[in-house]
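Okay, so here's the structure we're looking at.
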Amino acid sequence: MTVLKTSMRNFLAHKGRMALSAVAVLLSVAFVCGTLVFTDTMNATFDKLFASTAADVSVAPHKDDKAQETGKPQTVPASLEGRLAKVRGVAKVEPHATSQQLTVADSKNESISPDSGAPTVGTNWDESQKKSVEITTGHEPHGAGEAVLDADTADKHHLKAGDTLRVIAAPGDFTVKIVGIATYKTTNPGAAVVYFDTATAQAKLLGSAGEYSSFGLTAAQGTSNEQLKQNVTEALDGAAAYTVHTAAETKEENKKDLGSFLDVMKYALLGFAGIAVLVGVFLIVNTFSMLVAQRTREIGLMRAIGSSRPQILRSVLVEAVLLGITGSVLGIGGGVALAVGLMKLMGSMGMKLDTSELTIKAATPIVGLLIGVVVTLLSALLPAIKATRISPMSALRDAGNPADGKAGKVRAAIGLLLTAGGAAALLAAAGAKSASAGAGMLGLGVLLSLIGFVVVGPLLAGFVVRVLSVVVLRVFGSVGRLAERNALRNPRRTGATASALMIGLALVAGLSVVGSSMVASATDQLDKSVGADFIITADNAPLTPAAVKSIESAGHVAHFTHYTGVQAKVVTPDGKSVTDRLTAADPTYAEDLRIDAVQGKLAEAYGKDAMSVPEGFAKDHGVKLGDKLTVTMIGGREAKLTVNAITSDDTSFDKGAMYMNIATARSYLPADKMPLTAMMLAKADGGQAKEAAASLKAAVKDYPQIKVRDQADYKELIKGQVDQLLNMIYGLLALAIIVAVLGVVNTLALSVVERTREIGLLRAIGLSRRQMRRMIRLESVVIALFGALLGLGLGMAWGATSQKLLALQGLGVLDIPWPTIISVFAGSAVVGLLAALVPAFRAGRMNVLKAIATD
């Protein structure tokens, strides 16, 4: 009880000093709990949606991942409806005609597809739709030319009943008038949904009145879903050509598809939370180390009056538990707020999640509390053990933290050994012959070098801080020298404070190098390999026949190249059957994309019944120039294709592709199985690039999903995609950097308290308030720059090693983004200045006589 009272008294006495450490715990726990609440809420919300939309039993075509991309969904024959209606236990059969391979534009010819990447869905309106949506404006679609639009899409694009929409699909384009607005009863999954009458959906989305995409069956009273599934399976002779699912199975299948997306999001966010926790450890260790040091006399007196070592240990650890509980409880609340924020963010992207559906499982606060308390306890353990070693004689000496001028030799040796091991692993990764082998060594190198730098930080502080001081501090004269000595008086503390900042900045630097190298490599490959002037693609879809015809009408173009992928089964000389995607293109593709052939001539691979294979494939399967391979087009006939070229794997474009003439593919595939054109390339007539660009853009003006890009545009597209990903990652890493900045603030604040008498003496001998504040700020700046220098150097080493591995995939250009690196380094100085504002202000306000009299 005495230990608890002492711990409570000390905790409350130092509550201001504990506050920043509590914030570190709060942020870390909030990130973890927020992620769990958000993903649990999404799961629960979608469970309700899937449950409301799933038929008792559904019959769909057997899913074929290797089917040709014809622009039309897989279908079942409409004649199946009659057979299903006769199955024992079936009360109702509802046919569905649904496609996600369409683009919908408003009257201004602007696409209404979601920006989030969610699909645009076209489907028929039937009674089953009323389970998930209700028409809140207008009426159901009654015939051709009428459609109902979901409310969220209508609100986002300011559409209403009476407006017209243009639907662009593979079977053809058509126009409809909005006659109703449908509002989701649970949640909008983020898709843009357009409802048509059944006949229109069949003819315009599926391309045939004799096809449906699936059937939904309602079980008769007294028939279970499982029994109905069994009856349907028997009636369909085992249903080998179909997928028959109960409502529960359909729900699980949908959850599985959603789960893969949610799992990636969940574990990515938890990974960044882990980084924040790691950074917070340094802050908590520093806090307790300094608090223990400042209470040396107090602990010595407690030992002198009979307190045992275990009691001292428990006293410090109880304070840690109180800190952990306080930070965790606040963090759990912060996590709920973060989850609501994430739901609002998803709402702005089109996925409406109702906050009334907020799901907080019992495990979430327990996990948050455990993380906060356990991490805080482990962080405080070393300082607590150190406290037990304080002898009673310490009570007779001055209180305070004796300067720890030299890092321990054992620690330095271990740090250097770990760093050397990390460097060796990184070098091994850089020299790896395969990406899989190199990735393992890269991970080991990152881990060892990071731990090594953390351990060896105090040793590096003595050298690096002196070097930085010559450049940054010496110009400020005696104040600068005082700041330098303050940073050097306790290398362990300086190293630990800088290490927290180092971790976040190392990741920023490493990812910057990787991202910049990816863009530079792709740009280099584009310059070397792409001979076409224009690249024409559609957003997340192939080009429709009508769009291709319009593009081909453009003038000032020397040639067009059609490009697509054909699913085929290839039998190799070693007797293996490999299902792969063959690249089918016009012969001009050899000019538009210059791929080196290590054997033969690539142009000859576009001859009649000819093909090429990549050198890796040839080596793995014993394929030689001139071999005839048996190639069976999925959905088509068998062909004997002669290998007329073996291409180099040293490229990032079309790496590993097998080429053949698109005419060859057409000769072995029926027209309804021939994949749509995935992309078109165009070469302008000599000196007429501007005219060709204008003509091409005019040709696609009616197709908002199609983009015409020249090489400069394509480079910007690549850069924009990489930058978007990096900015998202930097935003998540900002949490770790914020925690690190709090560490600098806390270290300085506690350091000011620790040096109260010293500050009073400095003021007494003539140091002004302004000079005092400057000294604290300069100390903070040099610590921040020390951490930035270590982090940026370490990150660039990680990034350069990663690029060597990417070179095995054709990304062979190393590009160090010096503007970013320099900006981050300069920004670290600003961070140091901001972190020192409050501690410096407090130091400047100290009463001189009271400070000198401080015990």
Side-chain angles (χ1 to χ4, degrees), residues 272 275-276 279 282 446 449-450 453 457 460-461 464-465 467-473 475-476 483 487 494 497-524 715-745 748 777-803 806 811 813-837:
F272 287 103
I275 294 168
V279 173
F282 289 97
V446 168
S449 58
L450 176 62
F453 263 53
L460 294 174
V464 177
V465 169
V467 172
L468 287 171
S469 298
V470 171
V471 179
V472 179
L473 303 184
V475 295
F476 293 95
T494 299
T497 305
S499 292
L501 193 59
M502 176 190 76
I503 295 170
L505 296 185
L507 292 169
V508 168
L511 291 167
S512 296
V513 171
V514 170
S516 183
S517 296
M518 288 174 66
V519 172
S521 298
T523 300
D524 182 65
K715 290 174 185 176
E716 281 301 313
L717 174 67
I718 294 170
K719 184 176 184 299
Q721 290 173 340
V722 173
D723 285 348
Q724 186 177 18
L725 177 62
L726 289 179
N727 288 336
M728 181 178 69
I729 294 173
Y730 293 157
L732 294 170
L733 283 174
L735 176 66
I737 294 172
I738 289 170
V739 175
V741 172
L742 292 176
V744 177
V745 175
L748 290 173
R777 288 196 298 267
L778 290 176
E779 181 184 349
S780 178
V781 166
V782 80
I783 291 173
L785 289 179
F786 172 47
L789 200 62
L790 294 186
L792 295 175
L794 196 56
M796 285 191 286
W798 295 347
T801 305
S802 300
Q803 185 276 323
L806 290 174
L811 300 174
V813 178
L814 174 63
D815 184 68
I816 306 293
W818 289 112
T820 300
I821 300 297
I822 293 170
S823 297
V824 171
F825 186 71
S828 299
V830 176
V831 164
L833 279 173
L834 294 175
L837 288 179

Evaluate the side-chain proximity of [Y] to [X]: yes if any heavy-atom separation is below 4.5 Å, no if none is.
X	Y	result
Leu837	Leu834	yes
Ile275	Ile503	yes
Leu507	Trp798	yes
Phe282	Thr497	no
Ser802	Val513	no
Leu450	Met502	yes
Val514	Leu806	yes

Using every non-hydrogen atom in the two residues, find where Phe786 and Gly457 come nearest and quote the distance to one decimal. CZ-O, 3.7 Å

Taking all non-hydrogen atoms of both residues into account, name the closest pair between Val744 and Ser780 and its distance. CG1-OG, 3.5 Å

Would you indicate whether Lys715, at its atom NZ, is surrounded by more than 12 heavy atoms from other residues, nucleotides or ligands within a distance under 6.0 Å? yes

What's the spacing between [X] [atom1] and [Y] [atom2] if we round to 0.5 Å?
X	Y	atom1	atom2	value
Leu785	Ser469	CG	OG	10.0 Å
Ile821	Leu505	CD1	CG	9.5 Å
Leu748	Arg777	CG	CZ	12.0 Å
Met518	Leu726	CE	CG	8.5 Å
Thr820	Leu792	OG1	CG	10.5 Å
Leu473	Phe476	CG	CZ	7.5 Å

Do the side chain of Ser516 and the main chain of Ile816 share a donor and acceptor less than 3.5 angstrom apart? no

Residues 728-741, side-chain donor-acceptor partners within the protein, below 3.5 Å, at least two apart:
residue : atom : partner : partner atom : Å
Tyr730  : OH   : Ser512  : OG           : 2.4

